[in-house]
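First the structure, in the form of structure tokens, and then the observations on it.
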Amino acid sequence: MFRKFIFAVPLALAVGTAGAVDSFVDMAQEEILQTLIDETGSPYLGQSPQNLQMMPDNPAYWVAEDGEALFEEPRGPKNVSLEGCDFGKGPGVLEGVYVELPRYFADTGKVMDLETRLVHCMITLQGFSKEDPAVKKRHGSDSDMMKLQTYIAMQSNGMKWNPPMDHPLEKAMRDAGEVLFYRRSGPMDFSCQACHGATGQRIRASVLPNINEPTEWTKAVSWPAERAGQQNVRSTQHRLRGCLWQMRHPGLVAGSDASIALISFWTDAARGQPAILPDLKR
Amino acid sequence: MSSKLISKVTLTAMTTAVLSAGIGSTSNAAESDKAAAADYTKMSPEALAEHLIFKAKGFKLEQPAQEGGLAGKRLEQDETQKICTVLRGKAADAETAEKVTAMARDSIRYPEGGIQLGDWKIGRELAWSGFGYRIGHKNDDHSGAKNGPGGNCYNCHQLATDRTGGNIGPTLTGYGKLRGTSEAILKYTYDVIYNANAYFPCTHMPRMGANGMLSSEQISHIMAYLLDPESPVNK
């Protein structure tokens with residue numbers, strides 16, 4: 001399960017093959033990042049040697065371990081585990097599911113991201129109510145939601161982002177997400193592009209990822225991630241919330257189709273590049 | 001949005017309402033979700049994006065906003081935002097540029113008694129501050145800010161070198177030393193802060209005056225920070 005501890009390859013090997021690396025699946029998170037840095041020289045990817053150094057001891061691994069226990073334990077009013085939950089590759093299959101989300105689910109008729117799918121299973125399979133803290137509390141390393149998300153996402157470390165676009169709804173949501181990304185509004189006229197449309201752009205000292213560079217964008221969308229400054233593992237939906245707040249736009253309704261459209265577009269923009277899961281960020 | 005698209009959106013909403021009102025069991029709620037969702041594929045990406053914001057209420061539209069009214073209003077685009085959205089950061093053609101600059105010039109209001117430089121020390125605080133108008137999981141309470149909501153200038157510009165600024169805009173270090181304080185420079189600087197589209201159509205610099213983010217008085221302090229020979233920007 002904990003690939004990182006089992007398959008860690010010596011760093012020298014990864015560096016030696018930079019440029020010719022086509023499989024990242026057996027690499028530790030910091031080795032994936034180091035390889036991308038070596039291949040691209042990106043100012044965004046390389047901005048924090050301290051974080052790179054801290055990655056082998058990422059506190060998010062403990063959160064993932066708690067998530068594994070929660071996943072397997074019979075829970076909720078129906079007293080069943082989440083092993084019956086289908087994240088897209090069949091009940092209980094976790095390997096590689098996260099890099100293929102959001103996706104269309106026939107049982108709900110909707111495109112869902114990891115968080116909304118997890119909520120769906122906790123409610124329908126385990127019988128939790130929407131108001132139960134297990135479902136309702138979305139943020140913080142001590143929340144069930146973040147433990148589970150971190151554990152599930154980690155089973156896609158090193159795999160290439162590959163959100164499906166076969167169903168017309170998947171394509172429609174991605175395309176609407178693209179419109180939302182470039183849509184300027186609010187008192188500061190911001191769109192996401194204002195800050196994430198070029199390489200080497202900085203807000204104060206932070207170098208920002210460019211959505212047009214998949215090698216940068218793969219790290220940008222690698223959530224859950226430990227935020228060193230916040231001492232908590234944070235989710236994709238949490239990151240979106242932060243940028244919208246800075247933009248002076250109203251907050252997203254958690255799990256709304258608008259949020260999933262944005263996430264569909266941003267995941268598609270990282271297509272083909274290796275996920276770093278869980279990541280560690282400032 | 002074309003009228004054709006509007007009618008489609010309305011129709012979907014009606015179908016959904018009829019379906020869920022009529023039956024109301026969980027499985028039929030899922031059915032109506034499906035009906036609504038299925039129709040997403042018939043909308044243009046632009047129409048679907050509008051639908052997800054305003055009809056499906058994907059954002060917290062009903063939150064009260066600091067400027068009064070509801071937060072949802074901030075997601076309604078004005079003419080400038082609509083035009084500039086389409087460009088996606090590329091330069092405007094001559095006709096579009098002229099239209100945007102003309103609207104920007106019309107928007108600028110000058111203080112009574114002309115453009116004056118205020119206090120650079122207050123201007124420094126305002127240029128540093130990223131406080132104000134943020135809304136959502138936490139709301140900025142403006143009553144706590146002595147000089148009012150901030151200008152966010154450092155997020156995008158290097159100014160005095162005692163603090164690291166961003167680079168989304170050009171460096172403004174030594175701005176006053178390089179340009180002086182002629183009438184023309186005062187007007188140019190005021191205009192840019194008030195509505196930079198007057199010179200840079202579809203710029204990413206926010207329309208701080210025109211959008212009500214900064215008052216004329218706040219702008220006068222920030223201008224002093226940029227132009228006063230005593231300001232650290234010019235040392």
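Sequence lines set the chain letters: A, B, ... in the order given, protein chains first and strands last, and positions in each chain run from 1.
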Please check if the side chain of B:Asp78 supplies one atom and the backbone of B:Thr80 the other of a donor-acceptor pair under 3.5 Å.
->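 Yes: the side chain of B:Asp78 pairs with the backbone of B:Thr80.
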Among [options], single out the residue with the greatest number of heavy-atom pairs under 4.5 Å to chain B.
options                                : answer
A:Glu178, A:Met173, A:Met247           : A:Glu178
A:Gly200, A:Ala258, A:Ala176, A:Pro250 : A:Pro250
A:Gly255, A:Ala261, A:Ser256, A:Gly251 : A:Gly251
A:Ile260, A:Asp175, A:Leu252           : A:Leu252
A:Lys171, A:Gln193, A:Arg183, A:Gln246 : A:Arg183

Please identify, among [options], the residue contributing the most non-hydrogen atom pairs under 4.5 Å to chain A.
options                              : result
B:Ala65, B:Gly212, B:Gly132, B:Ala56 : B:Gly132
B:His137, B:Lys138, B:Met213         : B:His137
B:Asn167, B:Thr85, B:Leu70, B:Leu48  : B:Asn167
B:Gly136, B:Gly165, B:Gly89          : B:Gly165

Let me know if B:Lys73 has heavy atoms under 4.5 Å from chain A in its side chain, its backbone, both or neither.
->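 No part of B:Lys73 comes within 4.5 Å of chain A.
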Salt bridge flag under 4.0 Å for residues A:Arg227 and A:Asp279 |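 So A:Arg227 does not pair with A:Asp279 through a salt bridge.
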Any Lys/Arg nitrogen of A:Asp144 or A:Arg75 sitting under 4.0 Å from an Asp/Glu carboxylate oxygen of the other?
->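 Salt bridge: yes.
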At their closest point, which heavy atom of A:Arg234 faces which heavy atom of A:Met146, and how far apart are they?
->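 In this case the closest contact between A:Arg234 and A:Met146 is C-CE, 3.6 Å.
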Should we say atom CD of B:Glu217 is surrounded by more than 12 heavy atoms from elsewhere, each under 6.0 Å from it?
->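 Result for CD/B:Glu217: open.
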Should the ring pair A:Tyr104 and A:His167 be called parallel, tilted or perpendicular, given that the plane angle runs from 0 to 90° and is split at 30 and 60?
->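 A:Tyr104 and A:His167: parallel rings.
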Are A:Cys192 and A:Cys243 within a span of less than 2.5 Å, counting SG to SG?
->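 Between A:Cys192 and A:Cys243 there is no disulfide, given that their SG atoms are not under 2.5 Å apart.
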